[in-house]
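Chain identifiers are assigned alphabetically (A, B, ...) following the order of the sequence lines, protein sequences preceding nucleic acid strands; residue numbering begins at 1 within each chain. Worth saying up front: this structure is predicted, and the values here are computed from it rather than measured.
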2 protein chains.
Amino acid sequence: MPRASHRPRLVDVAQHAAVSLATASRALAGREGVSTEVADRIRQIASELGYVANPYARTLASGATSTVGLIVHQVDDPYFSEIAAGVIQLAAEQGLLVQICQSGRDPGYELQQLRHLIAQRVGIVLISGSGYDDPRMESAARAELDAFQDHGGRAAAIGRHALGVDAVLPDNEAGGHALGQHLMDLGHRRIAVAAGSAGLTTVADRLAGVSSALRQRGRSPADLVVVHSDFTRGGGRAAAEQILNEHPETTAIVALNDVMAMGVLSTLRSRRVPVPARMSVVGFDDVSVAADLAPSLTTIRLPMTEMGRTALTLALKPRTTRPRRRPTGHLLIVRDSTGPAPRT
Amino acid sequence: MPRASHRPRLVDVAQHAAVSLATASRALAGREGVSTEVADRIRQIASELGYVANPYARTLASGATSTVGLIVHQVDDPYFSEIAAGVIQLAAEQGLLVQICQSGRDPGYELQQLRHLIAQRVGIVLISGSGYDDPRMESAARAELDAFQDHGGRAAAIGRHALGVDAVLPDNEAGGHALGQHLMDLGHRRIAVAAGSAGLTTVADRLAGVSSALRQRGRSPADLVVVHSDFTRGGGRAAAEQILNEHPETTAIVALNDVMAMGVLSTLRSRRVPVPARMSVVGFDDVSVAADLAPSLTTIRLPMTEMGRTALTLALKPRTTRPRRRPTGHLLIVRDSTGPAPRT
DNA sequence: CTAGGGTACGTAAGCGCTTTCGTAAGCGCT
DNA sequence: AGCGCTTACGAAAGCGCTTACGTACCCTAG
């Protein structure tokens, strides 16, 4: 077999510099034990030769990987693509490579992807998406991550907790609360929630926030109509259909993320329900298109790109005994999809 | 140093099966020279042990990589995220891993990312984005890809040609033509184009299509107002501003991609120009949010996700002497952002 | 002048695979 | 019985790095 690569190897650099492999390796790794002049000469020659270390050989020898695995639900969901953008940005700055996987919102498949990434010996695992209420759902993933970290891997979660790893977490409950308050302030009393799949912590937290806002104003959370479907545009459409059919008195719909809100708006448009005159709609996340929807969407802004960066930053730091939790800010963005409740 | 990994190695499998390393390797790779019974026993044991080959060792030994590098402009641009989704999908089906890079629309940085990917010894490179009119801009990338392919790498381009590699290519000119025709049919005579950066082949091709539609109807393409900015939302806003200020007689704006169209619509909204009553707007690509914009966008549909899959499929096939070009379909989608030209 | 201790560098043993080559066994044929 | 051929497997040489360990050298102190 011919040489796998035509690229210069470390021996080539070492020969040109008339030093041993060990010295060349040390010099390029910036480790000590090499005089400054020799190190400079080696680096000089390496760059002249266009030498770049073979990461496979390097990893095999040292066990230290420089690739980070990122698990998202769907890269073409704007929430996740903004997170991914942040991760990839920072990774590029750090000279790391990002391997990306889609779990397709399926916990079983997600676990499989996680195992695959770990089996591929990535050094860092970043996992986004929502956690599950049922601890049994998370325990397998958690065990996997624990073992991974015990053997020197690093992991961080984005927007999900209960995984026993560092996490960057938006305050979903406070965000939901702000949305609830905003709608109450506008006089809405018949509020429905288009929720993602039941059993997701993100859903539970955001919902709890909305409920608490109602309770704070002396209204029973039982009045809140909650329709579960999933965190997709189609899920939003389905939820809106159900709300319109079964609860025609509703004057405001809280979609628990922007993508669902897009579906909700779409259904309202095709049903010719004027927004916000007849129905107010709010979302959550403030994905970049939220401002361009018809009408532009009132929502809670989350700094997704920054969340991605922060998660990688956390994973890059040495592990602490207790998992860290980094909160993110959130902000109510009022746009044109909300207005005063229609008089009855 | 402790063993880098706690995972079972090939020796472990071999020992349990009481065979040599070579036999175990052959059996798991499905290569011949192993009796069926022995091979089955080895596979059985491997799966019991949860053995997964160390890709670093495997690649180092064989030179065959199983990771594909994908270069996009920005993952949070919906056009690219849909392409990425397709690539990642198919890669997962094939057991390949995807390393993703953002070039940030900067040709220099893109070249750097390309070199980086190749230096990282990916086996397949997929490059998306637009090519450049100036052949000198592409020659460096082309040389890099040529050398890469000569040494056994495989590459494919998505939506760009002139790279000397297999490519999946939408018919940008025909799409532009369809848009031009559509607007002419609606009676528009004062048409402006919000174009991406000058020098991009995508821009030139789509523009040529629009011009040819005008010419076909006996109008001079010189009448076409072309404003160059870039393929972003901000670029669309800027272009729209300029068009409104310098060419107030315009009744239709062709944005050369949907993301720019979003910016155009945003500007028109803030300037209170009614769409389509006073101004028609069209985009290009049909990203998934195009239907949810205000108003929903008339555009040319491109099968981005499928384009991603096709590109990977091409790269997976053995290389042919001449680069293949796989065309993609396109389709005019008429929505609410276009209407009859206002009477003057 | 020698012992002791750094410092700078080289030697060589892996990391966990793949693959070439060698060998032994089994087969049919003359 | 002897030959060549095929088949099934093992031994061992790498792939291109990192790093523990060894060694030569120089400097300072006694």
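- Contact annotation for A/S25: base contact, defined as any heavy-atom pair under 4.0 Å involving a base atom.
- Between A/D146 atom CG and A/L163 atom CG the span is 9.0 Å, to the nearest 0.5 Å.
- Taking only side-chain nitrogens and oxygens, B/R31 comes nearer than 4.0 Å to OP1 or OP2 of C/dT19.
- With hydrogens and angles ignored, the 3.5 Å screen pairs a side-chain donor or acceptor of A/R43 with a backbone N or O of A/A27.
- The distance from atom CG of B/N54 to atom P of D/dC17 is 16 Å, rounded to the nearest whole Å.
- The CZ atom of B/R58 sits 22 Å away from the P atom of D/dG14 (whole-angstrom rounding).
- Helical stems involving DNA chain C, defined as 3 or more consecutive Watson-Crick or G-U pairs under 3.5 Å, span C:1-30 with D:1-30.
- Using a 4.5 Å heavy-atom cutoff, the side chains of A/L200 and A/F231 are in contact.
- Here the side chain of A/A22 is nearest to one of C/dT11, C/dG16, D/dC9, namely C/dT11.
- Distances were taken from every side-chain heavy atom of A/R9 (C-beta onward) to each of D/dG16, C/dG16, D/dT19; the shortest belongs to D/dG16.
- Rounded to an integer number of Å, the gap from A/Q120 CD to C/dC17 C1' is 14 Å.
- The side chain of B/L60 lies closest to D/dG16 when the candidates are D/dA20, D/dG16, D/dG10.
- Across all non-hydrogen atoms, the minimal contact from B/I83 to B/S128 is CD1-CB, 4.5 Å.
- In this entry the distance linking CD of A/E37 with P of C/dT7 reads 16 Å, nearest Å.
- Non-hydrogen atoms lying under 4.0 Å from DNA chain D are contributed by A/Y51, all within residues 42-52 of chain A.
- Between the P atom of D/dT6 and the CD atom of B/E32 lies a distance of 13 Å, rounded to the nearest Å.
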(request) Kindly indicate, with the supporting measurements, whether the criterion side chain to side chain contact (heavy atoms under 4.5 Å, CB included) is fulfilled by A/I100 and A/V87. (result) CA-CA 10 Å; A/I100 196 164; A/V87 172; over 6 Å; no

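- Legend: side-chain hydrogen bond (donor to acceptor under 3.5 Å, both in side chains) pairs involving residues 78-89 of chain A, not counting sequence neighbours, sorted by first then second residue: A/Q89-A/R309.
- If you take NE2 of B/H151 and P of D/dC15, they are 17 Å apart, rounded to a whole angstrom.
- Comparing C/dG10, C/dT20, C/dC17 against the side chain of A/R26 picks out C/dG10 as the nearest.
- Each of B/Y56 and A/S35 lies near DNA chain C, and the nucleotide nearest A/S35 is the one positioned closer to the 5' end.
- Rounded to an integer number of Å, the gap from A/R41 CZ to C/dA8 C1' is 13 Å.
- Summarising the geometry, the separation between CG on B/L10 and P on C/dC17 is reported as 5 Å, rounded to the nearest angstrom.
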